**Q** 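Got a structure for you, questions after.
Quantities reported herein were computed from a predicted structural model and do not represent experimental measurements. Counting starts at 1 for both ligands and their atoms, in listed order.
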Amino acid sequence: TALAVVLTMAATAQTTEIPDTSYQLPPLLITQSGKAIHTAAGWEKHRPEVLALFEKYVYGKTPAKKIPVRFVTLSVNTTALNGAATRKQVRAYFSKDEKYFMDMLLYLPNNTGKPAPLFLGLNFGGNQTINADTGILISKRWVRYEEGAAYKDHHATEASRGVQAGRWPVEEIINRGYGLATIYYGDLQPDSSNSINAGIAPLFYKDGQTKPAPGEWGAIGVWAWGLGRAMDYLETDPAVDAKRVAVIGHSRLGKTALWAGAQDKRFALVISNNSGEGGAAITRRKYGETITKINTAFPHWFCDNYKAYNDREDELPVDFHELVALIAPRPVYVASASQDLWSDPTGEYLSAWHAGEVYKLYNLTGLPGAVPPTVNTPVGSGSIGYHIREGGHDIQLYDWQQYLDFADRFFK
Ligand code: GCU
């Protein structure tokens, strides 16, 4: 039996349009062969089926091939942030000719006497944008931005230092006893259409292959792969507690964080900030961004099979509450912003709420009910957290404070 979800108008109180609230979600607790799932063991057996559907129809499959990765520490500064942190920059080479690589920037709290739990996330503009610290290497890669002093001809200038510092409260993170690791997502693949061969994907091609097959990865899959390689490094760094790493991302990088967390159970906690369509939001609501809109504006993000679902949300073999459920039993946090209707805050909430059915199988608690909370009122005292922040599409100090509090419950 399919689960019919009919929501009350109260559930959409903060939105300005009346959304379509009559849709049928693919049921979480029924296997592909139609058997009801009643236990955590039953879910664990079914879980690979769900993951395979996301691979086949949404993000594309990440190549199984393992390539050798060589990590080289480029710099270490033990007196960063006025002595509060150690800054490391580590390059991961993906090919012998050193043509393919990504640069990781890490800040680790000093004097804690133990390996640090850490937040790992990709950034949009180059590592140097996250803090004004002049020791950060300026990315030489292509960036989407072109306007203003910070970027000229799609490349960062000296003036880009710290321009996104508001999104990365490094001092606060360090003060709370956490480390931070970040990578420019363009190190893995430029965020533009027809960019797949300008990223790391060709390293995985079979002889004669010129692009991924329709069920193989797009940019989100490539970016998520980079997070996995970052995790490989973190496991080797004695200053990091790799068992307490939270993967975090905003917007398209929130979609990426969810997909990374779904595929790689080493991420102990997963945070989706305003991830919207193709992230946490229920696509069958057809509210804000839709599959057609996202595939048209960003044809390189998902696998080619996903395009078959343009205007056919109801036929997609999955919906995104199942993506959140793939994180179970690990803690997950989903956040929205009140003016970010394009990301469908209500759809993001509902996804996180529905995923609770799977957490329940592990005797874990999800979100309280079908009605989203009011702004700036975090909810979820169990393994699923949610808030809707007052304001627009962004990740701000308020959001981070909630993530730090949430992480404290599991990591401290
Ligand atoms: C666009 C896109 C969203 C995405 C966002 C972002 O608005 O339509 O899907 O999440 O960019 O990454 O900021």
**Q** Write out each pair where an N or O from ligand 1 and one from the protein are under 3.5 Å apart, with the distance.
**A**
unit_1	atom_1	unit_2	atom_2	d
ligand 1	7 (O)	Trp342	NE1	3.2
ligand 1	8 (O)	Glu289	OE1	3.1
ligand 1	8 (O)	Glu289	OE2	2.5
ligand 1	8 (O)	Trp342	NE1	2.8
ligand 1	9 (O)	Lys255	NZ	2.8
ligand 1	9 (O)	Glu289	OE1	2.6
ligand 1	9 (O)	Glu289	OE2	3.4
ligand 1	10 (O)	Ser251	OG	2.6
ligand 1	10 (O)	Arg252	N	3.4
ligand 1	10 (O)	Lys255	NZ	3.0
ligand 1	11 (O)	Arg252	NH2	2.9
ligand 1	12 (O)	Ser251	OG	2.7
ligand 1	12 (O)	Arg252	N	2.9
ligand 1	12 (O)	Arg252	NE	2.5
ligand 1	12 (O)	Arg252	NH2	3.2
ligand 1	13 (O)	Ser251	OG	2.6
ligand 1	13 (O)	His393	NE2	3.0

**Q** Determine the interplanar angle of the Trp225 and Phe204 rings, folded into 0 to 90°, and report it as parallel if under 30°, tilted if 30 to 60°, perpendicular if over 60°.
**A** perpendicular
**Q** Give a yes/no verdict on a cation-pi contact between Arg312 and Tyr309, requiring under 6.0 Å between NZ or CZ and the six-membered ring centre and an angle within 45° of the axis.
**A** yes
**Q** Would you say Asp191 and Trp301 are linked by a side-chain donor-acceptor pair, where the criterion is simply a distance under 3.5 Å?
**A** yes
**Q** Both conditions, 6.0 Å and 45 degrees, for the charged tip of Arg330 above the ring of Tyr359: are they met here?
**A** no
**Q** Are Ile248 and Leu120 packed together at the side-chain level, in the sense that at least one heavy-atom pair is separated by less than 4.5 angstrom?
**A** no
**Q** Is the cationic atom of Arg91 (NZ for Lys, CZ for Arg) positioned less than 6.0 Å from the six-membered ring centroid of Phe101 and within 45 degrees of its normal?
**A** yes
